[in-house]
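Accompanying notes for the structure given below.
Just so you know, ligand 1 is whichever comes first in the structure, and atom 1 is the first atom listed for that ligand.
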Amino acid sequence: MQPRDLSDHTVYRAGRGIEEVARERGLDPDDLVKLSSNENVLGPSPKATETIREYANRVHVYPKSSHTDLAERLADDWDVRPEQVWLANGGDGVLDCLSRAMLEPGDRTLVPEPGFAYYAMSTRYHHGEVATYKLRKAEDFVQTSGGVLASYDGERIVYVTSPHNPSGSEMSLSEVETLAESTDEETLVLVDEAYKEFSDSPSAVSLVRERDDVAVLRTFSKAYGLAGMRLGYALVPDDWADAYAAINTPFDTGELTCRAGMAALDDDEHLDASVEMAREAREYLSTHLDAPTWESAGNFVLAEVGDGEAVADAAMDEGIIVRDCASFGLPECIRITCGTSEQMERAVAVLNEVIGR
Ligand SMILES: *Cc1c(COP(=O)(O)O)cnc(C)c1O
């Protein structure tokens with residue numbers, strides 16, 4: 001027998017990992033700096049680590065109260081009902097929840113190009129079809145409602161990534177509002193705010209409170225340093241928030257995951273340090289890298305280096321792992337995750353040497 005026709009499905013290409021690169025190139029893992037997946041190089045919040053240890057002996061029971069507690073906590077923080085908080089297995093899990101809730105077979109979604117690969121993947125997993133709108137390098141990946149609407153044709157979900165991966169550009173709140181205003185009544189505008197903690201501009205959550213056609217995605221994978229726990233959530237409009245109960249898996253998020261998330265929310269010190277580090281690293285990269293970069297509101301910087309794959313490959317031999325952007329359709333670019341000042345100095349020294357060859 002065979003699975004269903006998966007021929008138009010793509011495989012997610014994650015940034016290269018330390019162990020993988022060390023083994024492949026005969027390097028010492030301790031000498032490698034991974035700047036390829038926008039993880040938090042400061043590690044997890046220490047409060048989260050402590051909580052994971054504390055709750056380790058409770059994992060024989062299903063996570064019920066932890067899920068409720070975290071949803072209530074986030075509802076309180078965002079001033080929405082707990083039902084409007086859709087917890088899931090990472091931001092990726094959130095995208096699946098929204099696909100399940102929204103898409104009938106054959107429905108279409110509109111995704112940015114270049115952009116985050118999982119939007120299209122989730123659509124296809126859920127028997128939908130994908131259309132794209134362009135963010136143009138020549139226009140510094142500017143995000144406007146008009147730019148999206150030029151490609152819009154009644155799609156069921158329109159994805160906006162703000163800050164955008166891999167460019168770091170943002171769509172302003174008023175442009176998101178205009179977009180939601182201009183699309184059909186049955187079109188959801190999903191604002192992916194995976195990197196929003198690093199940005200200074202306001203969240204689109206205010207629109208979730210006011211409208212029935214805007215939802216916001218958030219994750220603990222980036223600023224909170226909990227990528228390995230797999231925790232994200234959507235904030236969805238009050239009107240249809242109850243759909244979650246009809247589409248989620250019985251226990252979508254783990255006990256330790258929820259508890260760690262709650263602890264991380266109480267760790268302002270770790271969050272502030274992470275945001276400050278990203279700010280300094282962006283500044284350092286844009287001033288010292290011998291390559292054009294784009295202004296970024298995330299914890300990463302996109303740089304145009306000529307042959308991105310060759311530069312990333314040569315840098316890897318020197319222990320610096322960055323993301324080549326061929327899979328984003330930007331083969332001339334690399335994306336560098338923000339790190340500590342020592343890491344940024346080393347990365348820039350290596351990259352400048354490689355670019356200068
Ligand atoms: C990292 C990321 C996510 C979510 O990642 P998870 O680890 O699944 O929470 C979502 N959107 C974008 C654009 C991302 O870069």
Side-chain angles (χ1 to χ4, degrees), residues 12-17 34-41 43-45 48 70 74 85-99 109-123 125 132-133 135 141 143 157-171 176 189-199 203-204 215-235 248-249 252-254 257-258 260-261 264-265 274 278 294 296-302 322-323 325 327-330 333-338:
Y12 184 79
R13 281 197 42 206
R16 311 290 300 277
K34 186 184 181 205
L35 305 171
S36 56
S37 294
N38 300 342
E39 292 147 338
N40 189 336
V41 301
S45 141
L70 178 57
L74 288 166
V85 182
W86 291 18
L87 293 173
N89 189 40
D92 301 341
V94 170
L95 295 171
D96 282 343
C97 283
L98 288 167
S99 298
T109 63
L110 188 62
V111 310
E113 185 180 278
F116 188 58
Y118 198 68
Y119 304 142
M121 293 168 68
S122 180
T123 296
Y125 292 172
T132 61
Y133 65 91
L135 298 180
F141 305 97
Q143 299 202 61
I157 308 178
V158 174
Y159 295 89
V160 172
T161 321
S162 186
H164 174 249
N165 178 9
S167 74
S169 75
E170 295 188 273
M171 183 181 284
V176 175
V189 175
L190 175 69
V191 186
D192 180 345
E193 296 189 340
Y195 299 98
K196 197 65 187 167
E197 291 83 3
F198 302 107
S199 151
S203 164
V216 164
L217 177 154
R218 290 273 180 149
T219 178
F220 286 81
S221 293
K222 309 285 161 53
Y224 291 100
L226 294 175
M229 295 305 292
R230 311 306 301 130
L231 181 61
Y233 60 95
L235 297 167
N248 75 338
T249 47
D252 207 350
T253 42
T257 298
C258 291
L265 289 173
S274 306
W294 281 269
S296 171
N299 67 338
F300 54 86
V301 167
L302 185 73
V322 296
R323 177 77 185 254
C325 292
S327 67
F328 286 105
L330 297 168
C333 294
I334 57 170
R335 192 194 63 196
I336 309 153
T337 299
C338 292

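The heavy atom nearest to atom 12 (C) of ligand 1, considering only D192, N165, L231, is found in D192.
Residue contact check: A194 has heavy atoms under 4.0 Å from atoms 2 (C), 3 (C), 10 (C), 11 (N), 12 (C), 14 (C) of ligand 1. Of all the atoms in ligand 1, the ones that sit under 4.0 Å from a non-hydrogen atom of S221 are 6 (P), 7 (O), 9 (O). Taking a cut-off of under 4.0 Å to the non-hydrogen atoms of T161, the atoms of ligand 1 that pass are 13 (C). Proximity to Y195 (heavy-atom distance under 4.0 Å) selects the following atoms of ligand 1: 1 (C), 14 (C), 15 (O). Of all atoms in ligand 1, numbered sequentially from 1 with element shown, those under 4.0 Å from a heavy atom of D92 are 4 (C), 5 (O), 8 (O). Residue contact check: T219 has heavy atoms under 4.0 Å from atoms 6 (P), 9 (O) of ligand 1. Which parts of ligand 1 touch G90 is read off a 4.0 Å heavy-atom cut-off, strictly below it: atoms 8 (O), 9 (O).
The protein heavy-atom contact nearest to atom 14 (C) of ligand 1 is K222 NZ, 3.1 Å.
Looking at F220 against ligand 1, nothing comes within 4.0 Å, counting heavy atoms.
Contact analysis puts R230 in contact with ligand 1, with a non-hydrogen atom separation below 4.0 angstrom.
Considering all non-hydrogen atoms of both residues, A264 and S45 come closest at CA-OG, 3.9 Å. Here the closest heavy-atom approach between residue V111 and residue A120 is recorded as CG1-N, 4.3 Å. The heavy-atom pair separating P166 from P114 by the smallest distance is CD-CB, 4.4 Å. Pairing each heavy atom of A223 with each of S274, the nearest pair is O-OG, 3.6 Å. The two residues A88 and T253 make their nearest non-hydrogen contact at O-CG2, 3.3 Å. In terms of heavy-atom proximity, C97 sits nearest to D252 at SG-OD2, 3.9 Å.
Residue-to-ligand polar distances place G91 within reach of ligand 1: an N/O pair is separated by less than 3.5 Å. On a distance-only criterion, Y119 and ligand 1 share no N/O pair closer than 3.5 Å.
For the pairing with Y195, the side-chain hydrogen bond (donor to acceptor under 3.5 Å, both in side chains) check across T219, N299, N38 returns one residue only, N38. Just one of D192, T132, D92 meets the side-chain hydrogen bond (donor to acceptor under 3.5 Å, both in side chains) condition when paired with Y119; it is D192.
Salt bridge absent: K222 and E197 never bring a charged side-chain N and a carboxylate O closer than 4.0 Å.
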